[in-house]
Protein chains: 2
Amino acid sequence: MPETNRGLSIGQVAELTGLSVHTLRFYEREGVLAAPVRRGPGGRRLYSKSDVEWIHLCVNLRATGMPLPAIRQYAEFIRQGTGDEEQLLALLRQHRDQVATQIEQLTESLGLITRKIGAYAEQLARGAGGPVRCTPPPAERR
Amino acid sequence: MPETNRGLSIGQVAELTGLSVHTLRFYEREGVLAAPVRRGPGGRRLYSKSDVEWIHLCVNLRATGMPLPAIRQYAEFIRQGTGDEEQLLALLRQHRDQVATQIEQLTESLGLITRKIGAYAEQLARGAGGPVRCTPPPAERR
DNA sequence: CTACGAGTTAGAGCCGACTCTAGATCAAGC
DNA sequence: GCTTGATCTAGAGTCGGCTCTAACTCGTAG
């Protein structure tokens with residue numbers, strides 16, 4: 001167990017974050033990590049606590065549909081450290097708005113799906129093996 | 001304008017649904033359409049109103065992350081028409097649950113992003129060009 | 001000493017969902 | 001008749017995001 005000297009192995013980070021070791025290395029190559037990962041003896045990666053925090057954030061951003069190039073951009077702003085805080089904020093705000101929109105749309109679609117389920121369930125209830133439709137589903141034209 | 005005889009052209013359907021004509025043909029090949037599309041003279045597609053409704057539903061399902069194979073499965077249940085209504089309902093219910101979960105997770109991430117924005121904004125407000133951090137962002141450890 | 005498991009790199013491969021191309025056909029307007 | 005623009009088919013190409021392979025190096029356990 002390489003807890004040698006503060007710093008987690010790639011395998012441990014994979015466990016913690018739910019990403020594969022492949023993906024972790026891939027993200028690093030792609031420049032989505034905010035800071036370079038420290039290396040231990042033999043050139044092995046040693047992830048700091050803040051590395052792991054950042055990766056968790058990346059997982060969140062990915063889960064909300066932010067593409068890797070955007071995350072890389074974010075990471076670059078952090079790396080440069082100065083001058084572009086406004087741009088960074090703009091990037092995050094834009095993404096926040098997109099996520100909000102996404103939630104709205106999903107909620108709407110959820111309603112539609114739920115109604116569809118209701119329609120099918122009803123149809124199935126009265127007359128099992130009853131009136132079958134080969135054409136598209138019972139649209140709620142009523 | 002090929003409104004010859006009831007039935008929309010592929011171009012019109014593309015406009016209506018927001019899909020490209022390429023995608024419409026692709027979906028058809030992939031078997032995600034519930035019913036075969038009628039053809040006009042010269043072999044051109046003529047979409048019925050219910051075709052268009054179904055496609056709209058497909059757009060919704062895709063937008064909520066249902067993969068094409070699942071939609072094809074749905075379409076197959078519809079095409080067969082009988083016996084598998086329960087399976088169809090199961091498929092839809094499962095997807096509904098997934099969408100609900102998705103919304104929950106997005107909402108959670110939205111909160112996180114919003115907090116992050118707050119933190120950056122604050123940092124930026126007091127001391128513009130002030131304390132710059134190259135390490136990952138100010139975690140809300142408070 | 002050696003075997004093993006976990007790590008390293010560079011690069012290839014894969015998958016889902018489109019997206020586009022080529023070459024032919026068709027329908028309508030001049 | 002000729003041109004223009006939409007359509008047709010079959011099949012190839014693209015893109016994002018992983019995912020895997022090969023060949024090698026470590027470090028520790030037995």
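Keep in mind that what you see is a predicted model, and the values were worked out from it rather than measured. The sequence lines fix the lettering, A, B, ..., with proteins before strands; numbering per chain opens at 1.
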- Query: Near A/Q98 CD, under 6.0 Å, is it more than 12 heavy atoms from other residues, nucleotides or ligands?
  - Reply: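 More than 12 within 6.0 Å, yes.
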Atom-pair distance ([atom1] on [X]; [atom2] on [N]), nearest Å:
X     : N      : atom1 : atom2 : answer
B/L19 : C/dC20 : CG    : P     : 14 Å
B/E30 : C/dA17 : CD    : P     : 9 Å
B/L46 : C/dC26 : CG    : P     : 15 Å
B/Q12 : D/dG5  : CD    : C1'   : 14 Å

Quick check: do [X] and [Y] have side-chain heavy atoms less than 4.5 Å from each other?
X     : Y     : value
A/L19 : A/F26 : no
A/V13 : A/V21 : no
B/L8  : B/V52 : yes
A/L46 : A/V37 : no

Does a side-chain N or O from [X] land closer than 4.0 Å to OP1 or OP2 of [N], or not?
X     : N      : result
B/R39 : C/dC26 : no
B/R45 : D/dC8  : yes
A/S9  : C/dG7  : yes

- Task: Any chance you could list the contact pattern along nucleotides 25-30 of chain D? Use B for base contacts, S for sugar-phosphate-only contacts and - for none, protein heavy atoms under 4.0 Å, 5' to 3'.
- Result: BBS---
- Taking only heavy atoms on the protein side, list every residue of residues 62-73 of chain B lying under 4.0 Å from any atom of DNA chain C, sorted numerically.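 By residue number: B/R62, B/P67, B/L68, B/P69.
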Measure across [X] and [Y] and return the closest heavy-atom pair with its distance rounded to 0.1 Å.
X      : Y     : answer
A/L112 : B/L57 : CD2-CD1, 3.7 Å
A/L33  : A/A75 : O-CB, 4.0 Å
B/A121 : A/L89 : CA-CD1, 3.9 Å

- Message: So, using salt bridge (charged side-chain N to carboxylate O under 4.0 Å, His left out) as the criterion, who are the partners of B/R72 when residues are at least two apart?
- Response: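 B/E30.
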- Separation of A/L124 CG from B/E85 CD (nearest 0.5 Å):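 Rounded to the nearest 0.5 Å, the CD-CG separation comes to 6.0 Å.
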- Item | Aromatic contact, B/Y27 with B/W54 (centres under 6.0 Å) |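 For B/Y27 and B/W54, the ring centres are not under 6.0 Å apart.
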- Query: Of the residues in residues 21-29 of chain B, which ones touch DNA chain D at a heavy-atom distance under 4.0 Å?
  - Reply: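 Heavy-atom contacts with DNA chain D come from B/R25, B/R29.
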- Query: Under the salt bridge (Lys or Arg N to Asp or Glu O under 4.0 Å) rule, what pairs show up with a residue in residues 88-106 of chain A, not counting sequence neighbours?
  - Reply: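 Salt bridge (Lys or Arg N to Asp or Glu O under 4.0 Å) check on residues 88-106 of chain A returns no pairs.
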- Can A/R126 and A/E122 be counted as an ion pair, charged N to O under 4.0 angstrom?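 A salt bridge links A/R126 with A/E122.
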Where do N or O atoms of nucleotides 28-30 of chain C meet protein N or O atoms at under 3.5 Å, pair by pair?
none

